[in-house]
Structures are given as C-alpha cells and as structure tokens.
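In what follows, chains carry the letters A, B, and so on, assigned in the order in which the sequence lines appear, proteins first and then strands, with residues in each chain numbered from 1.
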Number of protein chains: 2
Amino acid sequence: MEVATPVKGTVTQRAIGQIKQMITDGTLEPGQRLPTERDLAARLGLSRSSMREAIRALTVLGVLEARHGSGIYVTRLEAGDLLETFGLVAEISPKAALVELLEVRRILESAATAQAAARIDEEQLATVAGHLTTMHETSDAADFITADMAFHGAIARAAGNDVLAAIIERLSSRTFRARVQRGHEDADAFAQAREDHGRIYRALQARDPEAARSAAAAHVRVVEEWLRSQLD
Amino acid sequence: MEVATPVKGTVTQRAIGQIKQMITDGTLEPGQRLPTERDLAARLGLSRSSMREAIRALTVLGVLEARHGSGIYVTRLEAGDLLETFGLVAEISPKAALVELLEVRRILESAATAQAAARIDEEQLATVAGHLTTMHETSDAADFITADMAFHGAIARAAGNDVLAAIIERLSSRTFRARVQRGHEDADAFAQAREDHGRIYRALQARDPEAARSAAAAHVRVVEEWLRSQLD
DNA sequence: CTCAGTAAAGTAGTCCGACCAATATCCGTG
DNA sequence: CACGGATATTGGTCGGACTACTTTACTGAG
C-alpha cells in the first residue's frame, strides 16, 4: 500500500506552491538566497528542468530573481516587485477592456490625488511643480509624456501608499498610453492636459483634497470619454 | 563581421516577448491554439526546454493555457484571466503592506458599491439579498464567510466593470481574509459585519450611490483600523 | 603584509534526446 | 451510421552535457 500522495496538478505547479508556502510561512525571507536549482530540485523531488520552470514562473511573478552565475534570491517583495505583472493587463487586454481599466485608474487616481493633497510636504510639492514646469516649457511630445508620467507618479507616491502608487503607475505606463491615446495626442490634447494639470497642482498646493479629487477625476475622464467615442 | 543580433536577456525572455507581441498585434487571438511546443521552439529558434519555460511563464500570467495531450491555447484574455496573479500580492505581501492593500480595497469597493447602487437591476439585487439572508441565518463561520464573499462579489459585478470586480474579488479572497483577520472573527465581528451589510444593502435598494459609498467605505475601514491597531 | 591578477570552483542558462501520460484522430467492426 | 479500440499527436517529466557568468580563493609581485 502506497502513501497517499495528494498529487494535484503538475510537479511544477506543486513546486511553485511549495516555494510560495516557504515564503508565506517565513522559511524564506525577502532578499534571501535560495539553494541552487539542483539542490532545490533534489529536495522537492523533481527534475532540474521542471524546477527551472517553477523558478521561471515565480521570477515573472516578481517573487524570485535569478542572477546568472550567482544564485536565486527572493525579491524584496515590495509592491513594485509583485505588481510588475499588473502592467501586463494594460498591455494585452482586448481593446474593449481599456475603458474599464481607465475607469479603475480614474477611481484610484482621484483617491490618491485627494490623499496627496492632505499629506504632501513642501519638497514633494516642489517636485510636482518641477514636472509641471517641464510640461509647459517643452514642445516635444516625448518629453511632455515623460514629464506627464513623472507628474502623476510623484502625486501617487505623495499619497503614501506604495501599493496604490504601483498600480496607478502601471495604469499610466507608456505602452498603456500608446494603446489608449493613439491619434489623440494633438496640440489640443496637450493644451487640455496642461490646464488639467494646473488645476490639480493648485488643489495640492491649497491642500484641498476634494478639489484635488475632482480635478484628477476630470482629467482622466477626458481620456475616458474620448476613448468611448472612438469605440463606436 | 556578424549581424548585430540585439540579444537582450535570456532566450526565454525573448520568446516571452515575442509571444506577447503576437498577441498584441493580433497574430494570436483569444482562444486560438498555438503551434506545438516543438514547432514553436523551432520557429523562434530555441530549444524545447527554454520554450517550455516561456510557455510556463505566460501560463502563470494567465495569457496561455496548456492542455495536456491537446495543445497550447490563448486564454480568453478576460479580466479574470489576466488578474489571476493579482491574488498573489494579497497572498505573500509582507504584513506591513496589508493595510495598504486594504486601503486600495476600500477605495475600489466604495466606488464599486456606489456605482452598483446606480445601475443594479432587480435580479441582481435579489441575489445580493439572498447572500444577506444566508449570512443572517447561518451560525457557521465558514458558511458566513462564503456568503460574505459572494455578497461583495455580487455587488462588485453589479457595478458593471469586470476589471474592477476582478481586483476587488482578489482583495477579498479567502487567503487574504485569513491573513488580515486572524483572530478577529469572533461573534462581535460577525455582528458588526451583519449591520454593515444591512446598511449597504439598504443603500443599494434605495439606489442611493452616496449612501452606498460611505457604507462600503465604513465596512472596510472597520477591518482596516483593527489591523492597524494589531500592528502596534 | 597588501593588493592585483588569475585560476578555480560554483551557479544559472541552454540544448538535446528519450520516455511517460493525456488527448485526439482514425479505422475496422457491428 | 455508431461504436470501440488501435494509433498518432501533444504536453509533462527526466537526465545529462555543455556554456556563460559570477564569486571565491590562490598566487605572486610590490
């Protein structure tokens, strides 16, 4: 009579689960180095090939990091690490889902902007102002977009919630913008954005959460409604 | 003189990028079947082992689905598929990040509940009512939690945004609850939850978005503040 | 003794080939 | 045509060999 080995799924899936377990129960801590692929494979009772698949999976999920020639390490497990894959949704979701993603962004960004208004310090505010100036002074589209992303990123971080900031960043990524706004980045759109950004900045400066919230919501809503009109 | 092959990263990473590209540019469509592992490896110019790692990576990301004996298929690429990994954040984030995750959940859930109040139909409302009844009638903790999750899930879906609902669901998963509320699921907590849920339901019934929003926010905030107190 | 350079060991990355297990297809039988 | 079993297809697993990169240890010059 054999021992009832509860084999569920592939050996690779099991290995993924076991490593995840080791992290949740504290056996593996952030930054810690793991045994070598060969050792791990031996300990968990599978081949190195399958072990590598498990490691690769946890690598793309932002849980592990493999350094060629050195070893395998647990990441810091910070929001940015684990939410790396969130960007994928923005990248390959069907067009129909883009408006839903923008809606989520609007919800999160308006909340983040409101919270930023309540707690932003002078230094952070100066950083935001700097990006605002850059957007007003440049006429190059690429530079404008870079400053735009930095502007929103700085605000999201000023809200003091790394998870929130990480999600917002990935919903404002370059590739996402490219998918949504293709053909919409004309002079009018830039002028509109400059106005919106000014309104957001003034609300932050005034430490007025509600004004910040509505300004941020309106800013995203412009893109949102433009996209909706495009889908018809 | 060799041709300048822009080899960036491992061959597996390149293969992952190439398949992602095929999906974004429409070469591969949702539900479509891919060539066999062996064919793909040959076409992209790498070994089957490395190809398998790429496929495994895209599998855990919810982009591909491998069926033993049948083939490899693109998933439907719906929100639920691609956001599967979001649950990982809730599962293995360090404890310190849990409060930030709850804060995100509060933001999203209050917005979703408000929107649900504005557009929920009678059938959906009846479903919500059913879960509410179950929570009132049962005295078993497991049953209560199941109904609780179904209650919030039904509301999130009634908001009409699949992405939003998928994220909320993963921020309310069983494992996440277990991590947050360990030791907090006593009779008082259940009683409190019943009251909160009643308030949310009445707001939905009255089609009052603002009441729904504040009721949902208050509901999550209770857990949030309890957790904050535990971290000291 | 200090330090730079180099050799050696350790480790992840890649490839190959074989076989197993689940599924799909084909074909003969009734 | 319906059915069931043989056959082919396809993903899953394994083991080993070799490559490329990193780290460590050693060696010799100063």
Side-chain angles (χ1 to χ4, degrees), chain A residues 2-19 22-23 28 31-76 81 84, chain B residues 2-20 22-23 28 30-76 81 84:
Chain A
E2 297 298 325
V3 179
T5 358
V7 265
K8 52 176 178 179
T10 69
V11 294
T12 302
Q13 285 176 318
R14 242 178 303 160
I16 293 174
Q18 285 173 296
I19 294 182
M22 288 189 229
I23 292 177
L28 292 176
Q32 183 177 340
R33 189 191 150 168
L34 278 69
T36 68
E37 293 179 345
R38 291 167 176 85
D39 280 355
L40 266 179
R43 295 192 197 193
L44 302 187
L46 41 75
S47 72
R48 196 191 158 202
S49 318
S50 300
M51 188 72 251
R52 274 189 60 80
E53 286 186 29
I55 294 170
R56 171 72 64 179
L58 290 167
T59 293
V60 302
L61 291 175
V63 176
L64 300 182
E65 179 189 2
R67 301 181 201 157
H68 190 172
S70 173
I72 306 164
Y73 302 80
V74 181
T75 66
R76 294 171 304 176
D81 300 318
E84 199 58 48
Chain B
E2 294 300 324
V3 178
T5 357
V7 266
K8 51 175 181 181
T10 69
V11 295
T12 303
Q13 286 175 317
R14 241 178 304 160
I16 293 174
Q18 285 173 292
I19 294 182
K20 268 169 50 178
M22 288 190 228
I23 292 177
L28 293 176
Q32 183 177 341
R33 192 195 147 163
L34 278 69
T36 68
E37 292 180 347
R38 294 164 175 89
D39 279 355
L40 264 181
R43 294 191 198 194
L44 302 187
L46 40 73
S47 72
R48 193 188 160 201
S49 318
S50 301
M51 188 72 250
R52 272 188 62 80
E53 286 186 28
I55 293 169
R56 173 72 65 178
L58 290 166
T59 294
V60 301
L61 291 176
V63 176
L64 298 183
E65 181 189 1
R67 301 182 202 156
H68 191 173
S70 172
I72 305 164
Y73 302 80
V74 181
T75 66
R76 291 171 306 175
D81 301 317
E84 199 59 48

Whole angstrom value for the distance that separates P of D/dG11 from CD1 of B/Ile55:
7 Å
Atom-to-atom span, CG of B/Leu64 to P of D/dT10 - whole angstrom
17 Å
Look at the side-chain N and O atoms of B/Ser70 and state whether any lies under 4.0 Å from the OP1 or OP2 oxygen of C/dT23.
no
What's the closest nucleotide to the B/Ala66 side chain, out of C/dT11, C/dC15, D/dG11?
D/dG11
Minimum-distance nucleotide (side-chain atoms of B/Thr10 versus C/dT11, D/dT13, C/dT14):
C/dT14
Testing C/dT11, D/dG11, C/dC15 for proximity to the side chain of B/Thr36, the answer is D/dG11
Establish, with yes or no, whether the OP1 or OP2 oxygen of C/dT14 is under 4.0 angstrom from a side-chain nitrogen or oxygen of B/Thr12.
yes
Taking all atoms of both residues into account, what is the closest heavy-atom pair of B/Ala57 and A/Arg56, and its distance?
CB-CG, 4.2 Å
Return no unless some side-chain N or O of A/Arg67 is found under 4.0 Å from OP1 or OP2 of D/dT23.
no
Select base, sugar-phosphate, or nothing to describe what A/Leu46 touches, counting heavy atoms under 4.0 Å on all strands.
sugar-phosphate
Judged by each residue's nearest nucleotide on DNA chain D, which is more toward the 5′ side, A/Glu53 or A/Tyr73?
A/Glu53
In whole Å, I'd like the distance from the CD atom of A/Glu65 to the P atom of C/dG13.
11 Å
Can you find a donor-acceptor N/O pair under 3.5 angstrom joining the side chain of A/His68 to the base of C/dA12?
yes
Give the rounded distance in Å between these two atoms: CD of B/Glu37 and C1' of C/dC15.
15 Å
On a heavy-atom basis, which atom in B/Thr12 and which in B/Ala54 lie closest, and how many Å separate them?
CG2-N, 3.5 Å
Using whole Å, what does the distance between atom C1' of nucleotide D/dC14 and atom CG of A/Leu40 come to?
17 Å
Taking atom types as they are modelled, would you say the side chain of A/Arg38 forms a donor-acceptor pair with the base of C/dG10 within the 3.5 Å cutoff?
no
Does any non-hydrogen side-chain atom of A/Met51 lie less than 4.5 Å from one of A/Ile19?
yes
Once you apply a heavy-atom cut-off of 4.0 Å, does A/Arg48 come out as touching a base, just sugar-phosphate, or nothing?
base
With rounding to the nearest 0.5 angstrom, report the CD to OG distance, B/Glu37 to B/Ser49.
9.5 Å
Whole angstroms only, please: what is the CZ-C1' distance between A/Arg33 and D/dT23?
10 Å
Whether the side chain of B/Ser50 and the base of C/dC15 hold a donor-acceptor pair under 3.5 Å is what I'd like checked.
no
Whole Å only: how far is the CE atom of B/Met51 from the C1' atom of C/dG13?
16 Å
Just verifying a value: how many Å separate A/Gln32 CD and A/Met22 CE, rounded to the nearest 0.5 Å?
10.5 Å
Toward the 5' end of DNA chain D, which comes first, B/Arg56 or B/Asp39, by nearest nucleotide?
B/Asp39
What closest approach, in Å, do B/Leu46 and B/Ala15 show between heavy atoms, and which atom pair accounts for it?
CD2-CB, 3.6 Å
Please state how far atom CD in B/Gln13 lies from atom C1' in C/dA12, giving the value in whole angstrom units.
12 Å
